[in-house]
Protein chains: 2
Amino acid sequence: MSKGKILIADDEQDILDIISYNLKNEGFEIFTATNGVSAIELAKQISPDLIILDIMMPLKNGIDVCKFLRSNSNFKNTIIVFLTAMNDENFEVKGLQSGADDYITKPVSTRVLISKVNALFRRIKNEEKEILVAGDLIIDRKKYIVTASGKDISLPKKEFELLSLLASSPGKVFLRNDILEKIWGTDVIVGDRTIDVHIRKIRQKIDMDCISTVKGVGYKFEL
Amino acid sequence: MSKGKILIADDEQDILDIISYNLKNEGFEIFTATNGVSAIELAKQISPDLIILDIMMPLKNGIDVCKFLRSNSNFKNTIIVFLTAMNDENFEVKGLQSGADDYITKPVSTRVLISKVNALFRRIKNEEKEILVAGDLIIDRKKYIVTASGKDISLPKKEFELLSLLASSPGKVFLRNDILEKIWGTDVIVGDRTIDVHIRKIRQKIDMDCISTVKGVGYKFEL
DNA sequence: AACAGGTATTACCAAATTGTTATAATTACT
DNA sequence: AGTAATTATAACAATTTGGTAATACCTGTT
């Protein structure tokens, strides 16, 4: 059984080859596309676990592909990451805003690539884990209890869920919309500042510096 | 009676010592092995409830040990977890694929270790136990009798079942829905306040402070 | 039919949680 | 540096939730 299906889209054949080769060696099942349109086609057919998208591609660029996929509920649980050139600072934000989970900067070493991919796959499993551990923080989803530096902290439901969500994918930036959808649901409408306030309360209660703000995008949990 | 048998296999004596010490303190019965082969031998002899395996060990590595044990029906219900070094991204996935239930990253803090192990044990601690003991409370499911601080308390059916359910996984928060489903069944529809009232009666009768409310979530039994 | 034990419902109250608003602080951009 | 956009904060308001006690309902028994 393969470790998972990965779709890679890039217009440079060399890059496609290198990445494919290495990830195949790691035991992943690899599919490739050389432009945005065929990336989408292929994605629909094979339902990959992870999609690696180059930004600049013919027919449809990576960001548009990502937006399209994200708007399709079939890909709600698909991990999408971008391949970006080192210098393009902007794409990082744009990429994250379009709903990507992470990005990888080109050129990328084999080792980094592999460990990133493995880390991303690990995330899938984390979301349903009973106990999340991050540094000094233990989040016990069964007991509904958070332990920070040995002290039990009881968070009310919303705060707990929010922290739990963020901590389920350390490093991943969660868009405000995603957070709203996952914690509040689609039908409930709450004001703009609601998330901030909850984030603040969490930061206050567990006094660790582990939730950081990514302006214009969202929040992420880290270390 | 010990809280359970744990076999720890690691080639570094230091780690063995630290983990053993802490888990013994927690009331577990500890056995150790320093290589894969003797881990298997020992496992056969003592039938541990939980096996903690280092990946890199002499003679037979942790993954192979795990695969072997999993192929043996005697160990179908044994919990197997890996100890992995932080940087070994690969092994986590491979480990889980080989049939392990979880993994613990090295170095691990005492606190994390203990809560993980306890959580794992909670998994096997069946909800079908005949007699539940929690502190001063004895719940005899066959006789339908609860004894608190030596005094017998007779609870009516629903109250008994409710207490019995909560006490079957101390610490775990039971959602109202779960409770309704397990005690009342899916087809019966009862009002919103029903659970509360029963909880109240239980609290009243056994006068201990052992059922706590997690607002918006449910109830849990503790100490 | 009246009773009794167990179970469910209701309505009201208190309290915790959650959401909003207005204002300050920060950041990003020109 | 100045401006606009975004986020942080604190105080407040609204809502939800659970606790409580009294009451009604069932089912089987006498």
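Residue numbering restarts at 1 for every chain, and letters A, B, ... go by the order of the sequence lines.
If you find the closest nucleotide of DNA chain C to B:G216 and to B:G191, the one lying nearer the 5' end belongs to B:G191.
Note on A:D140 versus B:K172: no salt bridge recorded, every NZ/NE/NH1/NH2 to OD/OE distance being 4.0 Å or above. A salt bridge links B:K205 with B:E159: the closest approach of a Lys/Arg side-chain nitrogen to an acidic carboxylate oxygen falls below 4.0 angstrom.
What separates CD1 of B:I195 from C1' of C:dT10 is a distance of 17 Å, to the nearest Å. The separation between B:I211 atom CD1 and D:dG19 atom C1' is 14 Å, rounded to whole Å. We find that CD of B:Q204 is positioned 8 Å from P of D:dT20, with the value rounded to whole Å. Spacing between atom CG of A:D192 and atom C1' of C:dT18 amounts to 16 Å, rounded to whole angstrom units. Regarding B:I202, its CD1 atom lies at a distance of 13 Å from the C1' atom of C:dT7, rounded to whole Å. At whole-Å resolution of the value, CD in A:E159 and C1' in D:dT16 are 15 Å apart. Following rounding to the nearest Å, B:K201 (NZ) and C:dT7 (C1') show an atom-to-atom distance of 7 Å. A straight line from CZ of B:R176 to C1' of C:dA8 spans 14 Å, rounded to a whole angstrom.
In the set C:dT18, C:dT10, C:dG6, C:dT10 carries the atom at the smallest distance from any side-chain atom of B:R193. The side chain of A:W184 sits closest to C:dT18 out of C:dT18, D:dT20, C:dT20. Among the nucleotides C:dA16, D:dG19, D:dT9, the one closest to any side-chain atom of A:D196 is D:dT9. Of the candidates D:dA21, C:dT7, D:dA10, the closest approach to any side-chain atom of B:V197 belongs to D:dA21.
One finds a side-chain N or O of B:H198 lying less than 4.0 angstrom from the OP1 or OP2 phosphate oxygen of C:dA8. Taking only side-chain nitrogens and oxygens, B:R203 comes nearer than 4.0 Å to OP1 or OP2 of D:dG19. Between A:T213 and D:dT6 there is no side-chain N or O to OP1 or OP2 distance below 4.0 Å. Look at A:R200 and you won't find any side-chain N or O under 4.0 angstrom from OP1 or OP2 of D:dT7. Regarding contacts with the backbone of D:dT17, every side-chain N or O of B:Y219 stays at 4.0 angstrom or more from both OP1 and OP2. B:T194 has a side-chain polar atom (N or O) that falls below the 4.0 Å cut-off from OP1 or OP2 of C:dT9.
Residue A:R141 comes nearest to A:S164 through the heavy atom pair NE-OG, 2.8 Å, listed as atom of the first residue, atom of the second, then distance.
The residue A:K215 sits close to a base: some heavy atom pair falls under 4.0 Å. Using a 4.0 Å heavy-atom distance criterion, A:F160 is classed as making no nucleic acid contact.
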> Going through the checks in order, is the side-chain contact (heavy atoms from CB on, under 4.5 Å) test met by A:L53 and A:V81?
Replying inline: CA-CA 6 Å; A:L53 290 174; A:V81 303; over 6 Å; no
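A tilted orientation is assigned to the rings of A:F121 and A:F28, their planes being inclined by 30° to 60°.
A:N177 and A:E181 share no donor-acceptor pair across their side chains, judged by distance under 3.5 Å alone.
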